[in-house]
Amino acid sequence: MVIGKPLLTVEQIQEKVKELAAEISRDYKGKELLTVGILRGSFMFFSDIVKSIQVPMNIDFLIVSSYIKTKNKGKIEIHADLREDIKGRHVLLIEDIADTGLSLSHIRNMLLKRSPASLKICALLNKKERRKVDVPLDYIGFEIPDKYVVGYGLDYENKFRNLPHIVTFKKST
Ligand code: IMP
Ligand code: MG
């Protein structure tokens, strides 16, 4: 297997993170946030963006698995649920990538049943072409083509998450 072309540099990512954080800070001015990271993929993006959001916040995490290659495709498993009660709170989900949309849609429906005051989604990457279910994305970092990417939290078989930038990934045959 090989790592392919650089898609997004450290500088491009960091600049975008600051832009998104500024927009979020403006939108939630005067409110208090519950910022929820969807693990494991969003861990780097989450830790960068919360540093630049200028709104009082609590943080929490959801640990989920999405089966994208196996025969259980589309099945989402929740390994660890939130510790916070989200009723009446302004929840902002932080996700690495929206691909088919199945994971985010599942998570969104699950959390909406708990009656948050609001629920918005921020995804660093969006692969629109691959969408299977509609899910509203309130903040999007980059629209990317239908290519598998790794780095900055994103993995292939739980590897490459530690790369500081994002590259396309190809499995050699
Ligand atoms: P979904 O298809 O929108 O449900 O995306 C499910 C999950 O698959 C995402 O949260 C990512 O963790 C993972 N994923 C989708 N596309 C990629 C990719 O290009 N690289 C790494 N992980 C991906
Ligand atoms: Mg993910």
Side-chain angles (χ1 to χ4, degrees), residues 1-10 12-14 16-17 20-21 24 34-50 59-82 86 91-114 116 119-173:
M1 63 185 77
V2 290
I3 297 187
K5 288 200 194 82
L7 187 69
L8 297 165
T9 64
V10 172
Q12 284 173 307
I13 296 168
Q14 294 306 324
K16 186 63 79 178
V17 167
L20 289 170
I24 290 165
L34 176 61
T35 313
V36 172
I38 302 173
L39 298 178
R40 290 175 282 189
S42 78
F43 82 97
M44 252 189 218
F45 179 40
F46 183 91
S47 74
D48 281 343
I49 199 164
V50 292
I59 64 160
D60 205 348
F61 298 99
L62 268 176
I63 308 181
V64 306
S65 290
S66 324
Y67 297 94
I68 52 179
K69 288 176 305 186
T70 64
K71 62 177 190 295
N72 286 332
K73 222 182 277 184
K75 187 177 175 289
I76 314 301
E77 193 178 334
I78 310 286
H79 296 286
D81 205 336
L82 299 173
I86 65 170
V91 178
L92 176 64
L93 293 177
I94 305 289
E95 173 66 309
D96 53 356
I97 185 166
D99 185 35
T100 62
L102 288 164
S103 309
L104 277 170
S105 161
H106 178 94
I107 293 166
R108 183 171 176 272
N109 292 335
M110 176 181 96
L111 296 183
L112 281 175
K113 290 190 190 131
R114 303 180 190 175
L119 178 60
K120 284 192 180 183
I121 299 174
C122 173
L124 178 67
L125 306 175
N126 188 27
K127 274 196 226 170
K128 221 170 18 201
E129 286 169 59
R130 299 246 315 157
R131 199 69 91 254
K132 286 200 179 124
V133 289
D134 238 0
V135 61
L137 301 180
D138 302 281
Y139 306 99
I140 297 171
F142 301 95
E143 299 287 348
I144 64 163
D146 180 11
K147 297 230 164 76
Y148 199 83
V149 294
V150 297
Y152 197 65
L154 293 126
D155 74 306
Y156 175 76
E157 294 184 343
N158 205 20
K159 295 191 186 80
F160 312 112
R161 292 192 195 273
N162 58 314
L163 296 174
H165 52 279
I166 293 173
V167 294
T168 57
F169 175 84
K170 250 203 226 128
K171 209 172 161 184
S172 56
T173 46

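Just follow the structure's listing: the first ligand is 1, and inside any ligand the first atom is 1.
- Under 4.0 angstrom from ligand 1, the non-hydrogen atoms of Lys127 all belong to its side chain.
- If you check each of Ile107, Ile97, Leu39 against atom 9 (C) of ligand 1, the one with the closest non-hydrogen atom is Ile97.
- Which parts of ligand 1 touch Asp155 is read off a 4.0 Å heavy-atom cut-off, strictly below it: atoms 21 (C).
- Taking the six-membered ring where tryptophan is involved, the planes of Phe169 and Phe160 are tilted, since the angle between them lies from 30° to 60°.
- Residues meeting the salt bridge (Lys or Arg N to Asp or Glu O under 4.0 Å) test with Arg161, sequence neighbours left out: Asp155.
- Geometric assessment of Lys16 against the ring of Phe142 yields a positive cation-pi assignment under the 6.0 Å and 45° thresholds.
- By the criterion of a heavy-atom distance under 4.0 Å, the side chain of Asp96, and not its backbone, is placed next to ligand 1.
- Residues Asp81 and Arg114 are paired through a salt bridge, judged by an N-O separation under 4.0 Å between the basic side chain and the carboxylate.
- If you number the atoms of ligand 1 from 1 as listed, the ones under 4.0 Å from a heavy atom of Thr100 come out as 1 (P), 2 (O), 3 (O), 4 (O).
- Qualifying side chain to side chain contact (heavy atoms under 4.5 Å, CB included) partners for Lys120, counting only residues two or more places apart in sequence or in other chains: Asp27, Tyr28, Leu92, Asp138, Tyr139.
- Centroid-to-centroid, the aromatic rings of Phe46 and Phe61 come within less than 6.0 Å.
- By the criterion of a heavy-atom distance under 4.0 Å, both the backbone and the side chain of Ser103 are placed next to ligand 1.
- Panel note: side chain Lys127, backbone Ile97; no donor-acceptor pair is recorded below 3.5 Å.
- Residue Ile76 places no N or O, backbone or side chain, under 3.5 Å from any N or O of ligand 1.
- Contact annotation for Arg130 and ligand 1: no heavy atom of the residue comes within less than 4.0 Å of the ligand.
- Residue Val149 places at least one N or O, backbone or side chain, under 3.5 Å from an N or O of ligand 1.
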